[in-house]
Amino acid sequence: MTSPAEPNKQQSHSPEERDRRVLQLHNQLLEIEERLIPTGLHVFGRPSEVSERADMLRMIASFDRPEAGARALQDLVSEGLQLGVYNEIVKAADADETKARVRQQIDEIVSSTMKAFVDSGVEAAVRMLSERAKVSDEQSRPVFDLLAKISVQLETNSEGEALLRALRGEYIEAGPGADIVQNPFVLPTGRNTHAVNPYNIPSAMAFARGEAVSNNLLARYRAENGRYPRAMALVLWGLDNIKTQGEGVAQALWLLGVKPVSDALNRTTEVEAIPLADLKRPRIDVVMTISGIFRDLFSPTVQLLDKAVRLVANLDEPEEMNYVRRNVNEQMRESDCAFDDAVARVFSNAPGNYGTNVNFMVMDSQWDREETLGDLFVTRKCFAYGRDSSGRSLEGREARVAMDRALARVEATYQNIDTFEIGITDVDHYFEYLGGISKAVEKRANARPAIYLSDSLSRDAKIRSLEETVLLETRAKTLNPKWYEGMLNHGFRGVAEIENHVSNTFGWSATADAVDEWVYTEVAETFALDDSMLERLRSLNPHSAHSLVRRLLEANGRGYWNADPDLLTRLHEISGSLEDQLEGVG
Ligand code: BEZ
Ligand code: MG
């Protein structure tokens with residue numbers, strides 16, 4: 001990210017500035033260290049390892065579980081010791097050394113207590129929390145009783161049995177689909193987790209959480225740009241909204257400034273505007289690109305989102321407080337188009353089609369100019385859903401011009417991350433969607449949008465820029481020995497996973513220019529220039545080892561990485577030797 005500061009620059013820093021920077025660095029390191037990462041692939045039918053279980057339980061214990069009467073451990077400790085509100089301590093710790101120490105003190109007590117729980121059980125943990133943080137038994141026992149139950153469920157695994165039952169055509173019980181940390185009641189695994197009632201989307205809980213995320217998102221944009229974005233583009237996926245009961249949907253509704261309303265049959269089919277006096281900010285225009293899975297699973301929700309945009313566009317409000325209305329009116333004036341064309345905001349694939357294909361184009365290196373990737377995204381996703389002003393279903397009508405125009409006003413793009421298990425470099429779908437739409441916006445708006453992601457792991461609905469998220473994923477996973485050694489334990493597949501991470505990282509260069517050059521240098525040093533590592537990769541999976549090296553050469557060739565000439569020569573040699581190995585030469 002930054003090159004080592006020049007000596008004379010260092011000297012010009014005041015002691016306060018130096019302390020501030022050291023503290024910032026300390027907090028960044030802490031963030032990486034504490035990040036929960038998968039340390040290996042899930043093996044079907046096999047319960048998680050003891051060490052993984054302990055990490056998972058620690059994470060679960062850091063969230064309130066009102067349904068089990070359990071509070072987050074950090075809050076119990078900071079309240080017990082009368083240190084204040086933990087979330088506020090964490091926020092202040094970025095700039096205040098005393099607060100950073102207080103945070104460490106709380107975190108240390110939580111860690112020791114969790115260790116006592118894992119080693120010796122509920123009673124030991126309850127006792128420790130009482131002795132070290134004056135937390136009453138009544139408060140701590142529900143937490144550890146819940147953790148004990150979850151721990152037993154983590155040890156059991158009925159996936160194999162459930163699969164056999166499914167193959168025999170038997171009924172598989174439905175369970176909630178969610179991230180374990182966010183909703184431990186998904187356990188035990190081996191149930192049908194994809195049951196969802198779209199008429200209950202978003203749930204009351206999701207709507208409440210959606211408010212915090214959208215507020216943070218807008219606060220972050222304002223802090224960086226001094227005003228609200230005139231329009232945003234959101235990516236909505238089906239599985240995510242199943243897992244979170246519609247948090248992504250809730251975020252879109254909050255940005256528009258509307259709330260969901262149930263009809264006489266208790267189905268969420270209506271929306272109501274939140275008065276501007278309560279909202280206390282303008283309504284943000286949102287362009288939603290939904291996946292094919294979302295379109296198929298959430299048909300009533302698709303209608304709800306379209307209804308929300310149309311409702312807001314028709315509100316009799318000043319344009320400076322209603323950006324949907326402003327943009328729609330402007331569009332109708334500029335291009336002399338009808339209201340229905342100017343108000344289309346819900347886009348997906350043509351009926352029966354899925355995906356953007358941007359990932360395939362990147363993976364196969366089948367592109368010349370970056371803008372082709374954004375154009376492909378629009379070609380695949382320019383089909384409008386919802387109903388026109390006379391109530392007729394649009395049924396996925398091709399609306400390329402309408403989408404181009406809507407994207408031309410977008411200043412920020414965003415996607416919700418709903419789980420710690422899959423991040424933006426684990427699969428190619430994040431860059432295909434969020435990267436694809438960002439590249440499409442860049443050409444149509446003549447400016448690269450600000451690109452954001454949420455962090456489902458943070459208790460305070462943290463928002464990160466894409467660049468920050470790429471760095472965090474790179475440090476916490478791709479370049480983290482704990483992560484890649486975990487992968488290498490899986491042999492052939494593990495090497496493929498490492499290569500996938502490098503290629504997916506490259507996808508963020510291609511679609512969003514969001515990867516610092518040092519990332520490629522360190523990937524090269526870790527996986528190619530280290531002889532013993534290269535030997536391991538090529539003996540386990542020479543195909544993926546070759547692809548990894550080729551991808552690094554492609555990053556250099558396309559100008560995303562200005563590699564040192566000696567390093568480049570070495571990479572070419574390695575690539576050649578891997579080719580020989582694959583062709584059975586030498
Ligand atoms: C979805 O859940 O909608 C989805 C999942 C993977 C890739 C793209 C979309
Ligand atoms: Mg560029």
Side-chain angles (χ1 to χ4, degrees), residues 38 41-42 174-179 182-183 186 192-198 200-203 206 210 233-252 286-305 346-363 373-374 376-383 385 396 413-440 451 453-454 456 466 469 473 497 500-501 503-505 507-508 511-512:
L41 298 166
H42 174 66
D179 179 83
Q182 294 202 354
N183 182 4
V186 298
N192 173 8
T193 58
H194 289 170
V196 68
N197 178 358
N200 285 342
I201 295 295
S203 70
L234 265 53
V235 173
L236 294 173
W237 283 355
L239 301 181
D240 287 31
N241 280 284
I242 290 178
K243 289 196 246 174
T244 60
Q245 306 282 306
E247 262 183 61
V249 173
Q251 289 157 12
V286 249
V287 183
M288 292 158 269
T289 20
I290 62 177
S291 69
I293 300 180
F294 185 105
R295 173 203 57 203
D296 294 353
L297 286 172
F298 289 106
S299 184
T301 318
V302 171
Q303 302 304 331
L304 189 80
L305 291 168
V346 185
F347 298 96
S348 186
N349 299 82
N353 272 325
Y354 301 85
T356 72
N357 291 357
V358 170
N359 47 341
F360 301 132
M361 202 181 236
V362 171
M363 288 302 168
L373 302 170
L376 176 62
F377 182 91
V378 175
T379 302
R380 296 282 301 170
K381 288 282 172 189
C382 65
F383 299 85
Y385 287 82
T413 58
Y414 165 75
Q415 186 166 1
N416 194 29
I417 301 261
D418 70 318
T419 169
F420 85 93
E421 287 175 305
I422 300 174
I424 64 163
T425 56
D426 288 296
V427 292
D428 54 6
H429 299 304
Y430 284 105
F431 81 73
E432 126 183 66
Y433 272 85
L434 184 62
I437 197 162
S438 300
K439 191 49 83 181
I451 311 174
L453 295 125
S454 59
S456 68
L466 171 63
T469 314
E473 287 261 311
E497 284 298 321
N500 277 346
H501 270 250
S503 286
N504 294 333
T505 303
W508 289 114
T511 56

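Whatever order the structure lists them in is the order used to number ligands and atoms, beginning at 1. Just so it is clear, the model here is predicted, and its values are computed rather than measured.
With respect to atom 3 (O) of ligand 1, the closest heavy atom belonging to the protein is Ser291 OG, 2.5 Å. Looking only at heavy atoms of the protein, atom 7 (C) of ligand 1 is closest to His429 CG, 3.3 Å. If you check which protein heavy atom lies closest to atom 2 (O) of ligand 1, you get Leu239 N, 2.8 Å.
Within the 4.5 Å cutoff, no side-chain heavy atoms of Tyr385 are placed close to those of Ser299. Taking the side chain as every heavy atom from C-beta outward, Asp240 and Phe294 never approach each other to under 4.5 Å.
Atoms of ligand 1 found under 4.0 Å from any heavy atom of Gly238 (numbered from 1 in listed order, with element): 1 (C), 2 (O), 3 (O).
Asn416 and Gln251 share a side-chain donor-acceptor pair at under 3.5 Å.
Trp237 and Tyr430 have tilted rings, their planes meeting at an angle from 30° to 60° on a 0 to 90° scale.
Here atom 8 (C) of ligand 1 lies nearest to Tyr433 when heavy atoms of Tyr433, Tyr354, Phe298 are compared.
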Trace of the side chain to side chain contact (heavy atoms under 4.5 Å, CB included) decision for Phe377 with Thr289: CA-CA 10 Å; Phe377 182 91; Thr289 20; 3.7 Å; yes

